[in-house]
Amino acid sequence: MPATAPPILDFSPFYGTDAQAKAKLVGDVKNCCLHNGFFQIVGHKVPAELQERTINCVKEFFALPQELKEKVHKNQTTWNRGYENLGSQILEAGTQPDQKEGFYIGEEIPTTHPYFTQKRLNSGPNQWPVGLADPSAFQSTSMEYYKAMHALARDVLVVIAQTLGLAEDYFEKGFTKDAVATLRYLHYPPQQKDGDEKLKRGIGAHTDFGSVTLLMQDEVDGLQVWEKETSEWLDVVPTKGAYVVNLGNMFMRWSNDRYISNLHRVINKSGKERYSIPFFYSGNPDYVIDCLPNCRAEGEEKKYPPITVEGAVGGSYKASYGAAEAWKKEVEGKKTGGAEVKVEAIAV
Ligand SMILES: O=C(O)CCC(=O)C(=O)O
Ligand SMILES: [Fe+2]
């Protein structure tokens, strides 16, 4: 049988009362977690109208003049909020900086909040752009969507807890309390069709750092998921309204590698502008990720030492931005061009 892209699962039984349908959903999600940690969901509760409003915000933001985007540049914060230029990150060693620009949003955390004063993971005020038709609508839509993503992530975690034979509220007991999460608006300009596929990436092959990622794609394709059984990249063809859900590296730690945090990448060869909106659910910064009791056979060693959410996610971010910085230095050293690439470091 040819390999197929992540299956589309109907999530609506989660909100219903049909025990059999709920059990089937849990079984299907489990199979996906074991196979490659990727699945897609429809039948969730995020209104199509909100999804559309949000995508429109994304398109309007990236169409702003460059100087207005840079007014809310991420490097004005140490807490990962605002705009990042094209080429700021390298997620795949040996490739050129990623051909995407981004805008990061998180919980609105005032400068008086302990998460801010203690410089906790990605915590602080958002930076909001000016120059949009209705800046306050951009802000309110973004935060409405952000909250909807929190709710959906928690629902997905309830199902995943069940796939692991844990209580439904296992992750609710600490992990999701005061959870940190990041919404990222992304724009991938079209890449040359005959470009060097080995080196140019919209986003290089990587695994995500957190617990779960919920991704909404617009109608332009480009996302690919690694299929280890057949050693090929599978296209994730956009399905209107669906979320691509994938497990991040925390689940490998939690499950002693039984669940997969799988490689994925974007190459935008469509000739069109591509927009996407991933939501990364990191969790409570102090929560300690350790192997779950029922994810180890008797006598089986833990593959990973315990680590806090903050330690796990913060370290991974630093590495990916540091790689782009190193690349820039090398290019500048060789004086071979690439001077337009702007790179910022990230601190958490
Ligand atoms: O834009 C996409 O489709 C994927 C984005 C992604 O993988 C990421 O931001 O981690
Ligand atoms: Fe990703």
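In each ligand, atom 1 is the first atom listed, and ligand 1 is the first ligand listed.
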**OP:** Inspect the surroundings of CD in Q118 and state if more than 12 heavy atoms from other residues, nucleotides or ligands are less than 6.0 Å away.
**Re:** yes

Original post:
If Ile, Leu, Val, Met, Phe, Trp and Tyr residues are connected whenever their side-chain heavy atoms lie under 4.5 Å apart, and connections chain through other members, are V42 and L215 in the same group?
Top reply: no

**OP:** Determine, using the 4.5 Å side-chain heavy-atom cutoff (strictly less than), whether Y146 and Y115 are members of one ILVMFWY cluster.
**Re:** yes

Subject >> Within reach of ligand 1, part of T213 (heavy-atom separation under 4.0 Å) >> reply: neither

Original post:
Taking non-hydrogen atoms only, is L186 closer than 4.0 angstrom to ligand 1 via side chain, backbone, both or neither?
Top reply: side chain

Original post:
Which of these, Y281, Y145, F280, sits in a ring-ring contact (aromatic ring centres under 6.0 Å, His included) with H150?
Top reply: Y281

Original post:
Do you know how many protein N, O or S atoms are within a distance smaller than 2.8 Å of the Fe ion (ligand 2)?
Top reply: 3

Original post:
Which atoms of ligand 1 sit under 4.0 Å from any heavy atom of H264?
Top reply: 7 (O)

Subject >> Protein heavy atom at shortest distance from atom 5 (C) of ligand 1 >> reply: Y188 OH, 3.5 Å

Subject >> Close approach of Q217 to ligand 1, heavy atoms, under 4.0 angstrom >> reply: no

Original post:
Is the closest basic N to carboxylate O distance between D28 and K24 below 4.0 Å?
Top reply: yes

Original post:
Of all the atoms in ligand 1, which lie at a distance below 4.0 Å from a heavy atom belonging to V266?
Top reply: 1 (O), 2 (C), 3 (O), 4 (C)

Original post:
Are V266 and L263 connected in the hydrophobic side-chain network, where two residues link if heavy atoms are under 4.5 Å apart?
Top reply: no

**OP:** Tell me, please: is H206 in heavy-atom contact with ligand 1, that is, under 4.0 Å?
**Re:** yes

Original post:
Counting distance only, does the side-chain N/O of E300 pair as donor-acceptor with the main-chain N or O of A297 below 3.5 Å?
Top reply: yes

Original post:
Is ligand 1 under 4.0 Å from a heavy atom in the side chain of L215, in the backbone, in both, or in neither?
Top reply: side chain

**OP:** Could you tell me which atoms of ligand 1, counted from 1 in the order shown, lie closer than 4.0 angstrom to a heavy atom of D208?
**Re:** 10 (O)

Subject >> Numbered atoms of ligand 1 (with element) below 4.0 Å of P278, judged on heavy atoms >> reply: 9 (O)

Original post:
Hey, is R274 one of the residues with a heavy atom under 4.0 angstrom from ligand 1?
Top reply: yes

**OP:** Please say whether more than 12 non-hydrogen atoms of neighbouring residues, nucleotides or ligands are located less than 6.0 Å from CD in E172.
**Re:** yes

**OP:** Could you give me the CA-CA distance, side-chain angles and deciding distance for H206 and D208, then say whether side chain to side chain donor-acceptor pair (under 3.5 Å) is met?
**Re:** CA-CA 7 Å; H206 68 283; D208 289 350; 3.0 Å; yes

Original post:
Does NZ or CZ of K74 come closer than 6.0 Å to the centre of the six-membered ring of Y104, within 45° of the ring's axis?
Top reply: yes

Original post:
Does E92 come within less than 4.0 Å of R201, counting only side-chain N to carboxylate O?
Top reply: yes

Original post:
Considering only protein heavy atoms, which is closest to atom 9 (O) of ligand 1, and at what distance to one decimal place?
Top reply: R184 NH1, 3.0 Å

Original post:
So, Q127 and W79: side-chain donor and acceptor under 3.5 Å apart, yes or no?
Top reply: no

